[in-house]
Amino acid sequence: MDDAVFNRIRERLAGIAGEAAVAHGILVLEIEPTRLLEVVRALKDEFGFDMFLDVTAVDWPQREPRFDVVWHFYSTREFVRVRVRTRVQFADPTVDTLTKLYGSANYMERECHDMYGIVFRGNDDLRPILLYEGFEGHPLRKDYPKHREQPLVPYRDPKP
Amino acid sequence: MSVPAGRPAPSGAFEFLTTKKDEFVGWARKFSLFPYPFVTACCAMEFMSVSSTLYDTDRFGAALPRFTPRQSDLLMVVGTVTHKQAPILRKVYEQMCEPKWVIAFGVCATSGGFYQNYAALPGIDKIIPVDLYIPGCPPRPEMVIDGIMKLQDRIAGDRHPIVNERF
Amino acid sequence: MSLPPLDSLPNPIRPAFTEHSREGSVIVNIGPSHPATHGTIQIVAELSGERVLRTDVHCGYLHRGFEKECESHTWHNLIPYVDRLNYCSALINDFAYCEAVEKLMGIEITPRCRHLRTLLGEYSRIADHLTCTAAALMELGAMTAFLYLVTIRDYIYEHLADLTGARVTYSYGRIGGLAHDLPEGWLKRLGEILDEMDTFTGRVHGLVDRNRIFIDRMRDVGVISTAEAVNWGFTGPILRSTGVPRDLRKDTPYLAYADLDFEVPVGIKGDNYDRYYVRMREIDESAHMIRQLVEMLPEGPLCVDDRRCTFPDKSLVYSEIESLINHFKLVMEGPQVPPGEVYSAQEGANGELGFFIVSVGGGVPWKVHCRAPSFVHMGGAHRMLDGYQLADIVPTFGSINMIGGECDR
């Protein structure tokens with residue numbers, strides 16, 4: 001049953017989504033960043049992927065384009081998931097926002113921006129969500145050292 | 001926080017009176033602790049357990065939480081304090097009146113636990129003075145009670161200046 | 001010893017609104033150190049009298065760097081970190097993570113392990129729902145109900161401590177199986193606890209279900225419709241309280257759920273009362289599932305017999321060189337997971353708990369991302385808070401069951 005849905009998606013998005021393989025039960029669509037909204041609208045309106053699960057990024061520092069941005073969608077009618085992946089450059093890590101289509105995208109895009117520095121064009125509210133005002137850098141990038149702390153309150157002298 | 005012990009042995013009538021006063025005030029304070037549970041993470045589960053029927057802290061007079069720092073004297077920092085939370089903790093500590101004691105509940109509050117990274121504060125004693133450290137991830141309720149009893153012994157044995165530094 | 005106060009403390013957040021939208025409105029800050037926000041959420045609310053006009057929910061006060069920590073630990077060593085995500089139902093996190101890694105490695109777990117994971121997952125779900133309901137009721141003032149439910153939860157904790165060694169965060173799941181098998185008499189005690197739990201939840205139902213104050217405070221408060229809930233990403237009991245029976249255990253069965261007979265409780269209106277009732281019914285359903293699993297628990301090996309992830313028997317480690325080297329490599333370098341990526345989701349106590357794992361081969365992950373239901377729910381929480389009274393923020397928030405460890409990771 002999953003395969004029928006996946007085949008229909010493959011046919012509809014042939015040419016846009018590169019090599020649409022099924023990995024561990026999820027259809028993976030590799031697309032260009034510019035075609036994102038078109039693909040997501042098709043998934044939402046035509047194939048019933050009404051729940052936006054997650055957006056995150058993967059940092060490949062040895063590779064150019066450096067970041068993989070990965071979205072997951074779920075259909076509450078067909079009970080299948082789809083992964084959409086795109087690649088963005090380090091110099092301009094910008095993709096379109098999905099907040100107009102899914103309300104839940106807001107917080108997850110803010111987190112992705114916090115952790116990796118991915119800019120979501122169209123989302124005006126990219127304030128830090130897991131980190132705090134004044135934090136410099138994007139900690140989940142591979143070049144951010146794990147132990148670099150940026151304390152907000154100066155440490156006191158430990159001797160009582 | 002009350003002035004730590006280290007005073008000379010009583011040698012006259014006045015010192016006898018102040019020692020008795022200190023014992024009385026110490027007894028009253030140790031059995032009427034009003035905790036402010038500054039609860040953040042998983043240790044909250046054990047805090048709830050230790051306040052409930054099976055491991056009651058009410059027997060020690062330390063169960064009734066005051067959720068405002070103005071009315072409490074025991075700050076129990078339960079769980080990991082991150083750098084984002086640190087100004088809040090410092091503010092809550094500063095809002096409490098003397099005498100006040102601080103318990104670091106759990107290893108995350110004691111030393112950062114196993115979160116040694118950019119986000120977690122490596123121990124709350126970096127920003128506020130701590131009287132008692134209860135390690136454990138999370139500590140068993142019996143350990144928490146043991147800690148509270150040790151704190152009570154400490155409070156009982158302290159000086160309690162109630163008028164000025166000397167009396 | 002007194003500490004001189006600091007001149008100024010920095011504000012870690014920037015609120016979404018600072019101007020008043022209406023004449024005479026007040027902007028109030030609730031949290032992040034607040035009993036009802038479960039420790040670590042800050043809500044900046046604009047109020048007109050007692051009515052909430054708009055809210056801005058801030059999380060992140062418990063962000064402990066889970067993903068960054070995972071990138072420097074082996075696949076097994078990071079299981080304690082995974083535990084502390086949803087610390088109320090820690091076993092479900094363990095098993096969801098282990099299942100994701102097992103998918104990447106292509107490992108099929110043994111039938112006994114599958115049944116035990118299902119049983120313990122449901123047991124943990126009961127503990128989570130008990131905690132959520134107890135806290136929500138206590139915040140309304142029903143202290144007796146809180147004490148009843150926390151007593152049962154304490155029995156569950158002691159019982160799990162008999163099995164795993166720890167009361168709250170267990171680190172019991174292993175890739176390819178579990179840490180060790182059940183001790184003697186564990187299943188008998190399980191039956192006793194479930195019976196006692198029925199008595200206690202019956203008492204709580206009697207105290208609260210038809211209580212006028214409870215109904216007035218919870219009915220028609222925090223209402224959300226199904227379409228809104230799906231748009232804002234709500235899953236789990238919150239989505240089920242709106243009336244749709246969406247449950248990953250039924251829709252996409254995993255572990256042993258396909259063999260079990262259980263119902264998915266749904267609500268009517270999507271308000272706080274429905275969420276409370278859905279959770280209480282789910283506790284009953286979980287107890288029913290556990291009783292079935294105890295009947296059908298198969299014998300056999302617990303961990304899959306795979307050199308790549310299962311530790312060899314200690315007697316072999318001490319006598320054979322191959323087992324010794326195998327054990328050494330598993331401890332020092334971690335199980336070697338082939339390159340690839342996987343997204344695997346289970347039905348956690350709050351909704352869809354997903355793990356997105358990227359491996360480049362080797363014993364250390366490249367990325368472990370947790371799709372936390374609580375975080376997504378915080379994004380949509382303002383839909384349930386706006387328009388109601390200030391005092392309604394407390395029960396609504398309690399019924400969302402935001403777990404800080406999961407929300408902020």
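B:S52 and C:R153 are not linked by any side-chain donor-acceptor pair at a separation below 3.5 angstrom, with hydrogens and angles left out of the test. A side-chain donor-acceptor contact under 3.5 Å links C:S33 and B:Y36. In the model, C:Y61 has no side-chain atom that pairs as donor or acceptor with a side-chain atom of B:H83 under 3.5 Å.
With ring centers used as reference points, B:F38 lies 6.0 Å or more from C:H34. Ring pair B:Y115/C:Y81: centre-to-centre distance below 6.0 Å.
With a 4.5 angstrom heavy-atom cutoff, C:I13 touches chain B only via side-chain atoms. Residue contact with chain C, scored on non-hydrogen atoms closer than 4.5 Å, involves the backbone and the side chain of B:Q85 alike. Contacts between B:C43 and chain C at a heavy-atom distance below 4.5 Å are absent for every atom of the residue. Interface remark: B:A44 contributes no atoms to any contact with chain C (heavy atom separation under 4.5 Å). Neither the backbone nor the side chain of C:E406 comes within contact range of chain B; no heavy atoms are under 4.5 Å apart.
The residue from B:T40, B:T80, B:T82 that alone fulfils the side-chain contact (heavy atoms from CB on, under 4.5 Å) condition with C:T40 is B:T40.
Nearest heavy-atom pair, C:P12 versus B:K84, reported as atom, atom and distance to 0.1 Å: CG-O, 3.5 Å.
With values rounded to the nearest 0.5 angstrom, B:N117 atom CG is found 9.5 Å from C:K68 atom NZ.
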